[in-house]
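Being a predicted model, the structure only gives us computed values, none of them experimental. Chain letters run A, B, ... following the sequence lines, proteins first and then strands; every chain starts at 1.
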Amino acid sequence: MSKNNTILELQNVESCYGKIKALRNISCKVGAGEIVTLLGANGAGKSTTLRTISGLTPASAGKIIFMDEDITAKQPHEIVEMGLIHVPEGRRIFKGMTIQENLELGSFTLRDDRERKKRMAHVFDIFPILHERRNRDSAMLSGGEQQMLAMGRAMMTKPRLLLLDEPSMGLAPFLVKEIMRIIIRLNKGGVPILLVEQNAKVALQLANHGYVLETGKIVIQGSTETLRQDESIVKAYLGE
Amino acid sequence: MSTQDIILQQLANGLIMGSFYALVALGYTMVYGIIKLLNFAHGDLYMVGGFVGFLILSAISGVLGESWTAIVCSMVLSMLAVGLLGVIIQRVAYRPMLTAPRLSILITALAVSMILSNGVMSITDGEYLAFNTDLGFDGLDFGNVFISYTQLALVISASVLMFVLYFFVNKTLYGKAMQAIAIDQDACKLMGINVNRIIALTFFIGSSLAAAAGVMAGVYYGSLHFSMGFVIGLKAFTAAVIGGIGSIPGAMLGGLLLGLLEAFGTQIPFIGSEWKDVFSFGLLILLLILKPTGILGKTEIERM
Ligand SMILES: Nc1ncnc2c1ncn2[C@@H]1O[C@H](COP(=O)(O)OP(=O)(O)OP(=O)(O)O)[C@@H](O)[C@H]1O
Ligand SMILES: [Mg+2]
């Protein structure tokens, strides 16, 4: 892949919570049109990697390049304006507000009301259940519906890169399949995706490329075909 | 006076006091909702608003007199100036304290309150200032009950301001962002919301509403004093808690309720108006025992 095909690149990124270093020397890439997955056990630093990219937990060293621009020192809202959208762990929808209001907030960076309406129609088209319940309090949604809302909210602007943190967490198998289908659909529509998953089986099916994190460091990386055959991965994550 | 007259008269008095309380309580509740700060300096912004309105009125009365036009102009300009002051206070005093322990920011708020009230005290030598207007003494005469046009205009202006606020918070994207920040700040950042800017906007709106109430109080009482922010600050806080702190409709409801209860409280035999404050704070205690989250409050209140 040529260099200017790279959408996102992390170069030796380091990140801390107070004095505790959560990420060391992370380097990885997401290319145009790709799905890339980050695997790793609980506490490995997957969510922290995404939080560092979107600016919620600023990098303490290294460089993050998005669309040929250095975003390492940018504020989260500036990064969102550039089209890098992060769907965080645990969905983080605005409970107490309606589904429609949640979606409107997802389009906060849009200035054009017509565009907002168009995007909302598009999201309702993908998630008809959200349309049905648009005036209900989002706190009343089931886990799967909340995940759909979180993803729909991220699609209210036209994302140029999506960071998804464990979209399948806590969902019944048929819903995991549904979410997978939607991820593929989004990606086919041209959106590159950086996917964090505990469910390695699912992630390795979807992605083109994968990185394995262990206590804040990348220990294995490669195309998903090779990763699927890697014995240590099969042992640790595919439960065979 | 017949019972009916008394009821009508106290209704009018209660609505006026209630409007002041509600306007000030709104700022209290909005700031609490968004950064969980009890802004003890808020009552002082009401006081400063009154004085700024007075200054502007004195400056423009040569041209416009002390008519309604002049008063509305001074009120609007005072709202802008004090709104800006609120933003500066937030930026300089509170923002650096947001990550510090809760108690530090409360003490900072007390310090800001003292700076404002003592500042105005030294400028005015602690004297009362006459707030002159020539609005006349006309009004609606119902036999024994009299409601001046001034009183009527104050209640109407307060209602208009509250309606505009309600519309802003519930119907605009910025207003919704304000509500969302109270729910989850990090998630708001991920929506592309500049959280600091919305917090500043919240201080601006809250402070300017307090300033509006301050100018109205100047017109209503005809005088200003540096200490006038203290009691109204406590009352507005009470109103906000009664309504459910953090809730905007709650602050409106709490303010009006407190105003009305005080007005009617003074009519209970053996309870004169000097017992008014005892009455309202007693009510606060009672409510906190029965429903700690206030009438419209949802979340549990954290212990300070
Ligand atoms: N807010 C925080 N403050 C302090 N330490 C944190 C914080 N969030 C995470 N950590 C620590 O940073 C490390 C990485 O956490 P992270 O949430 O990135 O892991 P993860 O790979 O996403 O795990 P999981 O699969 O459980 O979601 C862990 O050791 C965790 O304890
Ligand atoms: Mg995680």
For the atom pair [atom1] ([X]) and [atom2] ([Y]), what is the distance rounded to the nearest 0.5 Å?
{"X": "Q179(B)", "Y": "F94(A)", "atom1": "CD", "atom2": "CZ", "value": "11.0 Å"}
{"X": "M97(A)", "Y": "K176(B)", "atom1": "CE", "atom2": "NZ", "value": "7.0 Å"}
{"X": "L190(B)", "Y": "L56(A)", "atom1": "CG", "atom2": "CG", "value": "4.5 Å"}

Is it the case that over 12 heavy atoms from other parts of the model lie below 6.0 angstrom from the [atom1] atom of [X]?
{"X": "F281(B)", "atom1": "CZ", "result": "yes"}
{"X": "K118(A)", "atom1": "NZ", "result": "no"}
{"X": "F163(B)", "atom1": "CZ", "result": "no"}
{"X": "Y166(B)", "atom1": "OH", "result": "no"}

Open item on the list: Quick check: closest heavy atoms across D186(B) and R92(A), and the distance to 0.1 Å?
Closed with: CB-NH2, 3.4 Å

So which part of [X] gets closer than 4.5 Å to some heavy atom of chain B, the side chain, the backbone, both or neither?
{"X": "Q75(A)", "answer": "neither"}
{"X": "L105(A)", "answer": "both"}
{"X": "R51(A)", "answer": "side chain"}

Does any part of the side chain of [Y], heavy atoms only, come nearer than 4.5 Å to the side chain of [X], both counted from C-beta?
{"X": "C188(B)", "Y": "F108(A)", "result": "no"}
{"X": "V80(A)", "Y": "M191(B)", "result": "no"}
{"X": "H77(A)", "Y": "V195(B)", "result": "no"}

TODO: Heavy atoms only, distances under 4.5 angstrom: which of E101(A), E78(A), M156(A), E81(A) has the most pairs with chain B? Name it, please.
DONE: E101(A)

Task: For chain B, the option from G106(A), P76(A), A154(A), S54(A) that forms the most heavy-atom pairs under 4.5 Å - done: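 Among G106(A), P76(A), A154(A), S54(A), the one with the most close pairs to chain B is P76(A).
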
TODO: Let me know if I183(B) has heavy atoms under 4.5 Å from chain A in its side chain, its backbone, both or neither.
DONE: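 Looking at I183(B), just its side chain touches chain A.
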
